[in-house]
Student: 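Have a look at this one before I ask anything.
Read the numbers this way: they start at 1 and go in the same order the structure lists the ligands and their atoms.
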Amino acid sequence: MRASRYFILGSVPIASALVLKNNVGRLPALGWNSWNAFACNIEESKFLTAAQKFIDLGLKDVGYEYVNIDDCWQVKDRRDSNGRLIPDPKKFPDGISGTAKKIHDMGLKIGIYSSAGTLTCALYQASLGKEAIDAQTWAEWGIDYLKYDNCQFPSNWNDKCDFCVWDDDRTSGLRNGTCTTSKNLCAAGYDYGASNTAKRFSAMRDALLAQSRPILYSLCEWGLAGVQQWGNATGSSWRATGDISAKWTRVLSILNQNSFYLNNVDFWGHSDADMLEVGNNLNVAEGRSHFALWAAMKSPLLIGTDLAKIKTDDLKTLKNTNLLAFNQDPVYGKPAMPYKWGTNPNWTFNSSFPAEFWSGAYSNGSTLVLMFNPYTATKTKTAVWGEIPQLKGGSRYQVTDVWTGQSLGCVQDKLDMQVGAHDTAGLWISGPCTGKSFSG
Ligand SMILES: *[C@@H]1O[C@H](CO)[C@@H](O)[C@H](O)[C@H]1NC(C)=O
Ligand SMILES: *[C@@H]1O[C@H](CO)[C@@H](O)[C@H](O)[C@H]1NC(C)=O
Ligand SMILES: *[C@@H]1O[C@H](CO)[C@@H](O)[C@H](O)[C@H]1NC(C)=O
Ligand SMILES: *[C@@H]1O[C@H](CO)[C@@H](O)[C@H](O)[C@H]1NC(C)=O
């Protein structure tokens, strides 16, 4: 570790975080990743296309910067004679360093992928025990971001006990409140920072910190091993859950789970609700809800669709500057939180009906309010000022629609919105009204 370039504040896991130079990782990452669009079917041109689309579609202008390579970028079954990972010469004829140069020349950053195991999830070479040489290789290639997965570690690295993960989106008939990891739960008070999982992921942190290049470290530990306790000290973001898929039910399940994990989110440490499926098999309303809630939770926002084919409406969603401004607030690091569940009582764990009413503070004094409709029909949702913690009891507020940017005027006490099936209404409440006229 080079103290002049990197430092870790403090030594107690929960309160300290990975702090990198140039503010790398202070805010949630904005970018694109190949997996949800292409899985293993990748080659350099797909990354150059994504990068060019960032520029042509105005995504770079609103802050998207990382172009991230996921699994399957290497020669599968061997390293070179120096023990280094080998980029697949058919997929990356100029090596990853060649691709990195092209991406950098476009004013963007590039990410790579490996696993805290002996092989990756698609069974390519991975980095457990080889952290130092791999981190050094990536730094030499010009890599800016690492997604580090959790596949294929030998059984001697198994954790001694399990963290209870609640996830009712499994086919195995698990119900509300059941641990999916129920074999051998850790005792109350267990220090998950001492788990083997934490050790596998910390080893790569240390190897990355030994490089002179800041490399954003994105943990993909699937929400296991009590990562809430050690994620902030280990990476810039940690995955809250298992993988997302392009299914509305899965998006809802992850939203439900992550809504219980938001206390640990602040500058330098973000609970990652996984890469976006906007544009992939979700309708426009579902894409809007997915994006708005991920932005509000201050999750990293990594686009996961083929940008050469994206529809205008989905692009508009991904470029919503109000939601991006909230996600990237430079002054206030906390995410929005649910203030009312809606259908179910507050704090009900339920993947079909997760929290519907959300609010968060923005540094310019505004409050973001989201009202999500989980039903398959249009519903009237009412934002009641007296229920929203940030509004502190005032009765008349100036309101703007997050999606259209249109002023809804000065509104007294509450506002009814018609919200379409699976859609989310968004309000910016910019402060008490100053003039005399009001509606509502
Ligand atoms: C994570 O660490 C950073 C930097 O030390 C700190 O500002 C932030 O509050 C921490 N987050 C939590 C939830 O403790
Ligand atoms: C605060 O920022 C948001 C997002 O950019 C904007 O919509 C709103 O008008 C701003 N409010 C004030 C009072 O500046
Ligand atoms: C849920 O939150 C709403 C809004 O603050 C509040 O009015 C209601 O009393 C809460 N319900 C419970 C059970 O805490
Ligand atoms: C989720 O909530 C809905 C609405 O209250 C309820 O009908 C359903 O039974 C709940 N699901 C579970 C698994 O508890």
Student: Counting from 1, what ligand 1 atoms have a heavy atom of N264 closer than 4.0 Å?
Tutor: 13 (C)
Student: Keeping the roles fixed (side chain from N281, backbone from A246), state whether a donor-acceptor pair exists under 3.5 Å.
Tutor: yes
Student: Can you find an N/O atom of N350 closer than 3.5 Å to an N/O atom of ligand 4?
Tutor: yes
Student: Test: disulfide (SG to SG under 2.5 Å). Region: residues 186-228. Which pairs qualify, not counting sequence neighbours?
Tutor: C161-C186
Student: Look at R288 together with D423 and state whether they make a salt bridge at an N to O cut-off of under 4.0 Å.
Tutor: yes
Student: Just one of T197, N196, N184 clears the side-chain hydrogen bond (donor to acceptor under 3.5 Å, both in side chains) bar with D159, so which one?
Tutor: T197
Student: Is there any N or O on N263 that sits under 3.5 Å from an N or O of ligand 1?
Tutor: no
Student: If you measure from the Lys or Arg side-chain nitrogens to the Asp or Glu carboxylate oxygens, is any gap between R213 and D144 under 4.0 Å?
Tutor: yes
Student: Looking only at distances, please establish whether an N/O atom of ligand 4 is found under 3.5 Å from an N/O atom of T343.
Tutor: no
Student: Below 4.0 angstrom, N of the basic side chain to O of the carboxylate: do K147 and D70 qualify?
Tutor: yes
Student: Between ligand 2 and the protein, which N/O pairs are shorter than 3.5 Å?
Tutor:
from     : atom 1 : to   : atom 2 : distance (Å)
ligand 2 : 2 (O)  : N364 : ND2    : 2.4
ligand 2 : 7 (O)  : N322 : OD1    : 3.1
ligand 2 : 11 (N) : N364 : ND2    : 2.9
ligand 2 : 11 (N) : S366 : OG     : 3.2
ligand 2 : 14 (O) : N364 : ND2    : 3.3

Student: Classify the ring geometry between F201 and Y148 as parallel (under 30°), tilted (30 to 60°) or perpendicular (over 60°).
Tutor: perpendicular
Student: Among L57, L302, I303, exactly one meets side chain to side chain contact (heavy atoms under 4.5 Å, CB included) together with Y64. Which residue is that?
Tutor: I303
